[in-house]
Number of protein chains: 2
Amino acid sequence: MAANTPRKTRDADATRARILAAAKKEFARSGLGGARVDEIADRAKANKRMIYHYFGNKEDLFRIILEEAYTDIRTAEQKLELEHLPAREALEKLIRFTWTYYLKNPEFITLVNSENLHKARHLKKSDKIDELFRRFVGMVGDLLERGVAEGVFRPGIDPVQLNITIAAIGYYYLTNRFTGSIVFKRDLMAPEALEERLAFNIETIMRLVCVTP
Amino acid sequence: MAANTPRKTRDADATRARILAAAKKEFARSGLGGARVDEIADRAKANKRMIYHYFGNKEDLFRIILEEAYTDIRTAEQKLELEHLPAREALEKLIRFTWTYYLKNPEFITLVNSENLHKARHLKKSDKIDELFRRFVGMVGDLLERGVAEGVFRPGIDPVQLNITIAAIGYYYLTNRFTGSIVFKRDLMAPEALEERLAFNIETIMRLVCVTP
DNA sequence: TAAAGAAGTAACTGTTTAGTGCGTTAATTG
DNA sequence: CAATTAACGCACTAAACAGTTACTTCTTTA
């Protein structure tokens with residue numbers, strides 16, 4: 001079993017990164033309460049002691065994972081550069097992005113769910129989050145204003161309510177995909193079903209925001 | 001401490017009921033993984049042994065609680081008698097009901113979240129659920145058809161997609177109220193905020209479904 | 001190259017947890 | 001009212017769990 005990868009015998013950064021990746025998976029899979037530190041150590045191929053050495057304890061580790069998750073989605077959003085598109089196109093791009101992000105990053109949803117089960121007590125301790133979201137709400141607010149100026153959006157729409165709604169119609173569908181597939185007797189995760197839902201969501205938001213549908 | 005209530009020393013039904021109520025609270029508060037059987041016994045003022053006697057084990061207890069929760073919301077929905085109202089009024093009534101039910105029964109949301117974290121493995125075992133949801137989807141389907149006949153609704157709307165959307169815009173707001181209140185820097189649970197959200201949700205659905213907003 | 005410090009490990013501790021064995025007490029019925 | 005049945009409770013177990021102690025091994029640098 002001679003490894004051809006020249007893996008270092010000791011590499012703090014790599015070990016930290018492996019622990020973070022493993023913890024994200026485990027927290028997403030089982031929630032904060034159900035996640036097992038031993039399991040994280042195994043997945044990360046690290047000794048459990050290292051987790052406590054680098055991250056203090058289980059709760060702190062969860063907080064760091066959560067901060068990373070929020071930073072990741074908001075960073076990706078910034079890269080959309082919606083300000084360079086006509087308002088309607090920009091809005092549709094945002095809806096598509098939100099949906100696709102949730103779809104490709106199901107851990108994000110589970111982590112947020114878990115944090116809300118715990119009444120956001122980890123997020124309260126975080127100071128990185130403020131700036132992140134100020135910019136995000138600003139972005140959607142600017143987009144709405146621009147749309148009104150272009151004559152394509154209705155005036156008076158609250159950017160926070162719109163944000164919540166765009167997130168909701170994707171997030172709910174995906175987070176409840178298991179019970180949903182049973183009670184509605186269709187595979188909500190089939191490719192055609194996913195396409196259909198995205199189209200429905202775009203229609204929902206466009207009818208809500210635009211002056212002429 | 002002479003009790004004036006003539007409480008029976010032995011009452012199987014009452015004990016069962018206390019256990020179910022306590023379990024619902026505990027599962028809602030901490031999820032399936034975080035819930036503690038000892039805690040349920042304490043809250044129910046019952047001996048832990050009774051839980052295993054009446055319900056088998058923790059997972060079976062969870063399944064029963066979940067079935068009860070779904071039965072409760074679907075039963076309440078049937079009582080709305082939407083078929084006796086003009087389509088637009090009926091739709092608005094359904095939106096208001098959904099919102100108010102989630103608001104008054106936050107355990108429902110947490111239980112469903114927990115079940116989805118576990119990939120709906122308890123619901124899969126349940127046979128009570130089928131009939132419950134067939135009637136529900138039928139109800140909304142009939143409502144949509146009637147609205148089209150009345151000339152107030154657009155044709156071709158999928159009742160399942162509409163159902164999901166009505167649920168989503170209320171459910172997401174409420175399940176994520178803790179993180180939401182932090183990142184948006186407003187108290188999402190303030191009475192004015194709740195009213196505002198309900199109004200926004202009604203507008204969202206009406207614009208989606210109606211021919212003339 | 002020696003010393004210091006950082007990376008890594010195995011085995012352990014004290015506690016919590018779901019689940020039980022077995023006895024006791026109250027209600028029911030022949 | 002005796003005997004059976006059902007409700008209830010104490011005290012335990014075996015496993016799982018977060019977190020730690022005490023140690024070894026590798027890397028860096030004065």
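Note on naming: letters A, B, ... go to the chains in the order of the sequence lines (proteins, then strands), and numbering restarts at 1 for each one. Quick caveat, the model's predicted, so the values are computed rather than measured.
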Extract from the structure each pairing of a protein N or O with an N or O of nucleotides 13-18 of chain D at less than 3.5 Å, listing the distance.
{"residue": "D/dC17", "atom": "OP1", "partner": "A/R36", "partner atom": "NE", "Å": "2.4"}
{"residue": "D/dC17", "atom": "O5'", "partner": "A/R36", "partner atom": "NE", "Å": "3.4"}
{"residue": "D/dA18", "atom": "OP1", "partner": "A/A35", "partner atom": "O", "Å": "3.3"}
{"residue": "D/dA18", "atom": "OP1", "partner": "A/K58", "partner atom": "NZ", "Å": "3.0"}
{"residue": "D/dA18", "atom": "OP2", "partner": "A/V37", "partner atom": "N", "Å": "3.1"}
{"residue": "D/dA18", "atom": "N7", "partner": "A/K48", "partner atom": "NZ", "Å": "3.2"}

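- Residue A/N47 contributes atom CG, which lies 15 Å from atom P of D/dT25 at whole-angstrom precision.
- Atom C1' of nucleotide C/dA18 and atom CG of B/D60 are separated by 13 Å, given to the nearest angstrom.
- For the atom pair CG (A/L194) and CH2 (A/W99), the distance works out to 5.5 Å, reported to the nearest 0.5 Å.
- Summarising the geometry, the separation between CZ on B/R16 and P on D/dC8 is reported as 12 Å, rounded to the nearest angstrom.
- Of the side-chain N and O atoms in A/T15, none sit less than 4.0 angstrom from OP1 or OP2 of C/dA7.
- Taking A/Q161 as the reference, B/E196, B/R197 meet the side chain to side chain donor-acceptor pair (under 3.5 Å) condition, with sequence neighbours excluded.
- Between B/Y172 and A/Y172, the ring centre distance reaches or exceeds 6.0 Å.
- When each of B/L91, B/I166, B/I95 is paired with B/I202, the side-chain contact (heavy atoms from CB on, under 4.5 Å) condition holds for B/I95 and for no other.
- As a whole-Å value, the separation of B/K45 NZ from D/dA7 C1' is 19 Å.
- In this structure, A/D13 atom CG and C/dA7 atom P are separated by 9 Å, rounded to whole Å.
- Aromatic ring centres of B/F133 and B/Y70: separated by under 6.0 Å.
- Not a single donor-acceptor contact under 3.5 angstrom links the side-chain atoms of A/R49 to the base of D/dT20.
- Here C/dG21 presents its P atom at 14 Å from CE of B/M50, a figure rounded to the nearest Å.
- Atom-to-atom, CZ of A/R18 to C1' of C/dG8 comes out at 11 Å; the value is rounded to the nearest Å.
- As rounded to whole Å, 10 Å separates atom P of C/dT17 from atom CD of B/E26.
- In this structure, a donor-acceptor pair under 3.5 Å is absent between the side chains of A/T179 and B/E115.
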